[in-house]
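Please read the structure below before turning to the comments.
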Amino acid sequence: MKKFNLLMLLVIGLLAGTQSYAQMAIDKGTKFVNLGIGVGGYGYFNGSGIGLNAGLDVGIMKNITVGGVLGYRSYGSGVNSFDIGARGSYHFNELLSLSTDKADLYAGLGLSFYRLSYGDTYLRSVGIDPTYTTVYVPIHIGGRYFFTESLGGFAELGSSLATLKLGVTLKL
């Protein structure tokens with residue numbers, strides 16, 4: 001009987017602790033700024049080098065944000081890439097019934113412009129433009145965890161300039 005009472009007390013304590021947190025509200029006007037680094041990648045360079053990235057997400061309605069992303073990466077030997085785009089995200093906290101106001105789980109897609117340039121003077125000398133540009137649709141899935149009301153960290157997997165992005169996030 002003691003074990004049962006202890007178990008019930010533990011369960012009630014966990015439930016009470018779970019109920020004491022609110023879900024993170026993603027509503028119209030909610031703003032997040034991400035600043036970080038990116039590693040991994042696709043294609044010939046296969047993610048060599050470390051990228052820098054920045055992003056802004058603004059709530060347009062409950063659980064939905066739209067925003068922009070910007071990234072830069074240097075691969076060495078005069079090879080650089082640049083990425084700029086728009087994106088939309090759905091935030092899953094309510095759908096998953098997350099019982100914390102410190103976490104934010106999201107996924108989405110975007111539309112980005114990508115430019116890769118080679119600093120190869122030989123290619124230029126023979127009349128070949130050493131740049132590659134394209135427009136593509138990147139996907140992403142990520143999460144934020146807030147250490148304070150407005151400062152946290154983020155991790156994001158996706159098909160943009162870097163496969164994995166890590167950094168700080170600010171809730172404005």
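- Among Leu98, Leu95, Ile141, the single residue meeting the side-chain contact (heavy atoms from CB on, under 4.5 Å) criterion with Leu105 is Leu98.
- Through ILVMFWY side-chain contacts below 4.5 Å, Tyr72 is grouped with nothing and stands alone.
- Phe82 is not listed as a side-chain neighbour of Leu161, based on a closest heavy-atom distance of 4.5 Å or more.
- The list of salt bridge (charged side-chain N to carboxylate O under 4.0 Å, His left out) pairs with a residue in residues 162-172, not counting sequence neighbours, is empty.
- The CG atom of Asn53 sits 8.5 Å away from the CG atom of Leu70 when rounded to the nearest 0.5 Å.
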Let me have the donor-acceptor pairs involving side chains of residues 29-41, under 3.5 Å, with sequence neighbours excluded, atom names and distances please.
residue : atom : partner : partner atom : Å
Thr30   : OG1  : Asp27   : N            : 3.1
Thr30   : OG1  : Asp27   : O            : 3.0
Asn34   : OD1  : Thr169  : OG1          : 2.6

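- Inter-residue side-chain proximity for Ser81 and Leu116 is flagged as met; some heavy-atom pair is nearer than 4.5 Å.
- Hydrophobic clustering of Ile, Leu, Val, Met, Phe, Trp and Tyr side chains at less than 4.5 Å, counting indirect connections, unites Tyr114 with Val79.
- For Asp104, the salt bridge (charged side-chain N to carboxylate O under 4.0 Å, His left out) test picks out Arg144, with sequence neighbours left out.
- With sequence neighbours excluded, the residues that form a side-chain hydrogen bond (donor to acceptor under 3.5 Å, both in side chains) with Ser74 are Asn80.
- Checked against ring pair (Phe, Tyr, Trp, His ring centres under 6.0 Å), Tyr90 has the following partners two or more places apart in sequence or in another chain: Phe92.
- Applying the ring pair (Phe, Tyr, Trp, His ring centres under 6.0 Å) criterion to Tyr145, with sequence neighbours excluded, gives Phe147.
- For Thr131, the side-chain hydrogen bond (donor to acceptor under 3.5 Å, both in side chains) criterion is met by Asp129, not counting sequence neighbours.
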Task: Pair Asn93-Ile26, side chain to side chain contact (heavy atoms under 4.5 Å, CB included): steps then yes or no - done: CA-CA 9 Å; Asn93 291 14; Ile26 309 296; 5.5 Å; no
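- Applying the salt bridge (charged side-chain N to carboxylate O under 4.0 Å, His left out) rule to pairs touching residues 150-163 yields Arg87-Glu156, sequence neighbours excluded.
- Remark: the His140 side chain and the Ser160 side chain contain no N/O donor-acceptor pair separated by less than 3.5 Å.
- Tyr136 is linked by a side-chain hydrogen bond (donor to acceptor under 3.5 Å, both in side chains) to Asp83, counting only residues two or more places apart in sequence or in another chain.
- Under a 4.5 Å side-chain heavy-atom criterion applied to ILVMFWY residues, the cluster that includes Phe154 comprises Tyr106 as well.
- Nearest heavy-atom pair, Thr148 versus Phe146, reported as atom, atom and distance to 0.1 Å: O-CB, 3.3 Å.
- By the rule that hydrophobic residues join a cluster once side-chain heavy atoms approach within less than 4.5 Å of another member, Leu157 and Ile50 end up as members of one cluster.
- With rounding to the nearest 0.5 angstrom, the OG atom of Ser89 is 11.5 Å from the CG atom of Asn63.
- Taking the side chain to side chain contact (heavy atoms under 4.5 Å, CB included) definition, one finds that Phe113 meets it with Ile84, Arg115, Thr133, Val135, sequence neighbours left out.
- A donor-acceptor distance shorter than 3.5 angstrom exists from the side chain of Ser159 to the backbone of Ile139, with no hydrogens or angles considered.
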